[in-house]
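First up is the structure itself, then whatever we jot down about it.
None of these values were measured; they are calculated from a predicted model. Along the sequence shown, residues carry numbers from 1.
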Amino acid sequence: RRKKEKRKGHLFGCKSSAARYVASTVREIVLDASVYQQPAVTIVELMGRHAGWVTAASSLARKFPGDNPLLIYMPEAPFEMEEFFSDLENALSTAVVIRVSEGIRDASGKFICEYSNEAQLDTFGHKMLTGCGKLLESYVRNRFGVKVRSVELNVNQRCSSLLSSLTDINEADLAGRTAVKCALEGVTGKMITFKRADGEEYSLEYGLVDVCNVCNKEKPFPTEWITGNNNDISPEFANYALPLIKGVPEHVFEDGVPKYLYRK
């Protein structure tokens, strides 16, 4: 695990390769959705129990202002069903692509997936927050009577290496080297941090933090970057995220599929 730090001491948690995977996959979903001549809705559910960084990365899929995904909903802002219906109705003159975090909740704090009685607990006692996309699919179909489908990107968001960011790989390598160096010097119970340096050019400074200040804690997405009717992301996020997803690593294939190192 890594912790990224932006200037002025603000901590952020956008995993570069996950962001790149989401932006790339969402762009392909948008292209697929654009083939429909009549109004249609595609809802994509993304990881994010309490923090919407991965969901925000879907905004990087847009090619121009007003492009899909038109609506993006984050767990940091309350999700109200009637407002959602109003947002969708205003956009439904064409194919609409919607992105939702798995952890979207209403103003009372109730997760949208709990509107169904199928929400369960995992082995840690945490609510398994999958299914809000499927739930919204049925709501939209019943309300508007249009073609609608839901897609859950699921584990691919964190395990796809073909869309990994070279920036991410290089930073992970440097984090590991820094950790080994510190361990050899007798440092323990610490975690490597990345502090984003001031200035226009993207660069990082490495540091240490007590691991107890990181474990089981989350850094929410900045609410000032959530715009519109709590259904969009401001350009400030793109300025933050674009340097993180740059660079293409060299991939090794065997018989047409990726070749990975593994232990028997």
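- Taking the side chain as every heavy atom from C-beta outward, Met81 and Tyr115 approach each other to under 4.5 Å.
- Using modelled atom types, one side-chain atom of Glu137 and one backbone atom of Ser150 make a donor-acceptor pair closer than 3.5 Å.
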For residues 34-41, tabulate all N or O donor-acceptor pairs below 3.5 Å that involve a side-chain atom, not counting sequence neighbours.
unit_1: Ser34; atom_1: OG; unit_2: Leu31; atom_2: O; d: 2.6
unit_1: Gln37; atom_1: NE2; unit_2: Val35; atom_2: O; d: 3.4

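- The distance from atom CD1 of Ile43 to atom CD1 of Ile98, rounded to the nearest 0.5 Å, is 5.0 Å.
- In this view, Arg105 and His50 satisfy the side chain to side chain donor-acceptor pair (under 3.5 Å) rule, not counting sequence neighbours.
- Under the 4.5 Å side-chain heavy-atom criterion for grouping Ile, Leu, Val, Met, Phe, Trp and Tyr, Leu163 is connected to Val44 within one hydrophobic cluster.
- Under the 4.5 Å side-chain heavy-atom criterion for grouping Ile, Leu, Val, Met, Phe, Trp and Tyr, Leu244 is not connected to Val248 through any hydrophobic cluster.
- From Thr55, atom OG1 reaches atom CD1 of Ile104 across 9.0 Å, with rounding to the nearest 0.5 Å.
- Heavy atoms only, all atoms of each residue included: Pro243 and Ala238 are closest at CD-O, 4.4 Å.
- No single ILVMFWY cluster, assembled from side-chain heavy atoms under 4.5 Å apart, contains both Leu153 and Leu162.
- Here Glu82 pairs with Arg143 under the side chain to side chain donor-acceptor pair (under 3.5 Å) rule; sequence neighbours left out.
- For the pair Glu80 and Asn230, the minimum side-chain heavy-atom distance is 4.5 Å or more.
- Of the possible donor and acceptor atoms, one in the side chain of Glu102 sits under 3.5 Å from a partner among the backbone N and O of Gly48.
- For Ser58 against Val26, the heavy-atom pair with the smallest separation is CB-CG2, 3.9 Å.
- The nearest pair of heavy atoms linking Ser101 to Met47 is OG-O, 4.5 Å.
- The two residues Tyr21 and Gln157 come nearest to each other via the heavy atoms CD2-CA, 3.7 Å.
- Using bins of under 30°, 30° to 60° and over 60° for the plane-to-plane angle, the ring pair Phe221/Trp53 lands in the perpendicular bin.
- Residues Lys190 and Asp210 have side chains in contact (heavy-atom distance under 4.5 Å, counting atoms from C-beta outward).
- Residues Val146 and Phe85 share a single hydrophobic cluster, defined by chaining ILVMFWY side chains whose heavy atoms lie under 4.5 Å apart.
- A distance-only check finds a donor-acceptor pair linking the side chain of Glu45 to the backbone of Gly131 [under 3.5 Å].
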**Message:** Determine whether Arg196 and Leu204 satisfy the following criterion, side chain to side chain contact (heavy atoms under 4.5 Å, CB included), listing intermediate values before the conclusion.
**Reply:** CA-CA 5 Å; Arg196 196 155 172 171; Leu204 296 176; 4.3 Å; yes
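- Residues Ile169 and Tyr202 do not share a hydrophobic cluster, defined by chaining ILVMFWY side chains whose heavy atoms lie under 4.5 Å apart.
- Take Ala23 and apply the side-chain contact (heavy atoms from CB on, under 4.5 Å) test, not counting sequence neighbours, and it matches Leu60.
- With sequence neighbours left out, Asp67 forms a side chain to side chain donor-acceptor pair (under 3.5 Å) with Lys63.
- Not counting sequence neighbours, the partners of Thr227 by the side-chain contact (heavy atoms from CB on, under 4.5 Å) test are Asp232, Ser234.
- Note that OH of Tyr260 and OG of Ser161 are 3.0 Å apart. Values are rounded to the nearest 0.5 Å.
- Atoms OG and CG, from Ser16 and Asp168 in turn, are 4.0 Å apart once rounded to the nearest 0.5 Å.
- Take Lys259 and apply the side-chain contact (heavy atoms from CB on, under 4.5 Å) test, not counting sequence neighbours, and it matches Val252, Glu254.
- How far CD of Glu236 is from CD of Glu224: 8.5 Å, rounded to the nearest 0.5 Å.
- Here the CZ-CG distance, from Phe144 to Leu92, works out to 6.5 Å after rounding to the nearest 0.5 Å.
- Heavy atoms of other residues, nucleotides or ligands lying less than 6.0 angstrom from CZ of Arg158 number 12 at most.
- For the pair Phe194 and Ala175, the tightest heavy-atom approach, listed with the atom from each and the gap, is CZ-CB, 3.4 Å.
- Not counting sequence neighbours, the partners of Tyr73 by the ring-ring contact (aromatic ring centres under 6.0 Å, His included) test are Phe79, Phe84.
- Sorted by first and then second residue, the salt bridge (Lys or Arg N to Asp or Glu O under 4.0 Å) pairs with a member in residues 173-185 read Asp173-Arg177, Lys181-Glu185; sequence neighbours excluded.
- Thr178 pairs by the side-chain contact (heavy atoms from CB on, under 4.5 Å) definition with Cys182, Ile192, Tyr206, not counting sequence neighbours.
- In terms of modelled atom types and a separation under 3.5 Å, the side chain of Ser24 and the main chain of Arg20 share a donor-acceptor contact.
- Between the side chain of Thr25 and the main chain of Val22, no donor-acceptor pair closer than 3.5 Å is present.
- Checking side-chain atoms of Arg62 against main-chain N and O of Pro69 turns up a donor-acceptor pair under 3.5 Å.
- Shown here are the side chain to side chain donor-acceptor pair (under 3.5 Å) partners of Thr223, two or more places apart in sequence or in another chain: there are none.
- Listed by first and then second residue, the salt bridge (Lys or Arg N to Asp or Glu O under 4.0 Å) pairs involving residues 83-99 amount to none (not counting sequence neighbours).
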Please step through side chain to side chain contact (heavy atoms under 4.5 Å, CB included) for the pair Ser164 and His251, ending with a clear verdict. CA-CA 10 Å; Ser164 57; His251 296 291; 4.3 Å; yes
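- Scanning both residues, Ser165 and Ser17, for their nearest heavy atoms gives N-OG, 3.0 Å.
- Without hydrogens or angle criteria, Glu76 side chain to Gly52 main chain gives a donor-acceptor distance under 3.5 Å.
- Remark: side-chain polar atoms of Asp106 are paired, donor with acceptor, to backbone N or O of Ser108 under 3.5 angstrom.
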